[in-house]
Amino acid sequence: MGAVASKPHLLPVQESPTSAAARLKVENVSLRYQSPDGKTFTALDNVSFEVPDQQFAVIVGPSGCGKSSLLYLTAGLAEPSDGAIHVGGQKVEGPGADRGMVFQSYTLFPWLTVRQNIEFGLKRRKLPANEIRSIVDFYLGEVGLAKFAEHYPKQLSGGMMQRVAIARALANDPQILLMDEPFGALDSQTRLQMQQLLLQVWGHSKKTVVFVTHDIDEAILLADRIYVMGARPGRIKEVLDVPIERPRNLDVVMEPEFIRMKRHILGLLHDDLAEVH
Ligand code: ADP
Ligand code: MG
């Protein structure tokens, strides 16, 4: 995987077979959990923000601040206690193919090959076989797994499995891609490669992305805009634009703007910890 995305702008840019991208609108969303003893726990408190279409949004915040909850609500896997979420003007009322998800843990079907995993949603949509084949081939190429199409997940490394998960999500042509700490379980080298690969794939597909992480470096490297969350109760503390030019590579960590942003975000997260004690 050495060649993957080290020079994103030099890779051949093919016409992406997918096109849709929509904006996300989260409006006054609260989420409360009821514990068995009747106490109410507020996981998200009146959260509002918008992500314009084709933007790369990163949500960063400490463990337990409600990042996953927010993605679950957007995916339609849970319902907000108050407020509403709209994707492309449509109110989220349940799971749908317009939203693709990539989770931290590997969610591939172990009994299917890489190709069969990626084509799973396309087959359910009953697209013609030749169309399915060309979409899957495109994304196998995008994530650098053309030679592994007939492999099974257990024959792949963690990074490769996440590349399959990204290809599978994008092959379905979602309007928005929701990613919950997708590289959190990977070793740091693989993680850096995956960040570059994701930037390259996103550069081609230009999907709206909402990416959750607690890693500040990862957030600044990837994002157009960073939404910093705080905990107890979970809320958006600050929204920051990342004024660093693309294409970006790992050298950005040395740029003054990167360091300035990192300090600022660390400060915000530190304030949050201080509030507890
Ligand atoms: P994050 O992803 O930022 O770590 P989560 O969204 O997973 O945060 O969780 C936010 C808060 O909500 C945490 O304090 C967590 O313990 C709580 N929580 C999550 N799911 C449930 C649930 N099903 N019932 C009760 N509390 C929950
Ligand atoms: Mg989480």
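Quick note: numbers below take in every heavy atom, side chains included, and nothing from hydrogens, waters or symmetry partners.
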Looking only at heavy atoms, which two atoms of [X] and [Y] are closest? And how far apart?
{"X": "Leu127", "Y": "Ile132", "result": "O-CD1, 3.4 Å"}
{"X": "Pro174", "Y": "Ala169", "result": "CD-O, 3.1 Å"}
{"X": "Ile118", "Y": "Ala167", "result": "CD1-CB, 3.7 Å"}
{"X": "Val58", "Y": "Ala223", "result": "CG2-CB, 3.5 Å"}
{"X": "Met261", "Y": "Leu240", "result": "CE-CB, 3.8 Å"}
{"X": "Val212", "Y": "Pro182", "result": "O-CD, 4.1 Å"}

Backbone N/O of [Y] and side chain of [X]: donor-acceptor pair under 3.5 Å:
{"X": "Arg99", "Y": "Leu178", "result": "no"}
{"X": "Lys67", "Y": "Val60", "result": "no"}
{"X": "Glu218", "Y": "Gln195", "result": "no"}

Under 6.0 Å from the [atom1] atom of [X], do we count more than 12 heavy atoms belonging to anything else shown?
{"X": "Glu257", "atom1": "CD", "result": "yes"}
{"X": "Arg32", "atom1": "CZ", "result": "yes"}
{"X": "Gln34", "atom1": "CD", "result": "yes"}
{"X": "Phe103", "atom1": "CZ", "result": "yes"}
{"X": "Glu50", "atom1": "CD", "result": "yes"}
{"X": "Arg125", "atom1": "CZ", "result": "yes"}

Let me see the working for Arg246 and Asp224 under salt bridge (Lys or Arg N to Asp or Glu O under 4.0 Å), right down to the final yes or no.
CA-CA 10 Å; Arg246 297 184 190 272; Asp224 288 317; 2.9 Å; yes
Note: Arg225-Asp241 ion pair, threshold 4.0 Å (strictly below)
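Judged by the 4.0 Å cut-off on N to carboxylate O distance, Arg225 and Asp241 do form a salt bridge.
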So, [X] versus [Y]: side-chain donor-acceptor pair below 3.5 Å or not?
{"X": "Gln175", "Y": "Thr208", "answer": "no"}
{"X": "Thr107", "Y": "Arg168", "answer": "yes"}
{"X": "Asp215", "Y": "Thr213", "answer": "no"}

Quick one, Val87 and Lys25 - any side-chain contact, counting heavy atoms below 4.5 Å?
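A side-chain contact is absent here, since even the closest heavy-atom pair is not under 4.5 Å.
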Using the six-membered ring wherever Trp is involved, compare the ring planes of Phe211 and Phe56 and label them parallel, tilted or perpendicular (cut-offs 30° and 60°).
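The arrangement is tilted - the two ring planes meet at 30° to 60°.
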Report whether Leu269 and Tyr227 are members of the same hydrophobic cluster (ILVMFWY, side-chain heavy atoms less than 4.5 Å apart, transitive linking).
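No, Leu269 and Tyr227 fall in different hydrophobic clusters.
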ring-ring contact (aromatic ring centres under 6.0 Å, His included) against Phe120, all qualifying residues, sequence neighbours excluded
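Result, ring-ring contact (aromatic ring centres under 6.0 Å, His included) vs Phe120: Phe109.
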Kindly write out the residues that satisfy side-chain contact (heavy atoms from CB on, under 4.5 Å) with Lys91, not counting sequence neighbours, or none if the list is empty.
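Here the qualifying residues are Ala84, His86, Glu93.
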Going by side-chain contact (heavy atoms from CB on, under 4.5 Å), name the residues that satisfy it together with Gln155, two or more places apart in sequence or in a different chain.
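With neighbours one apart ignored, the set is His151, Tyr152.
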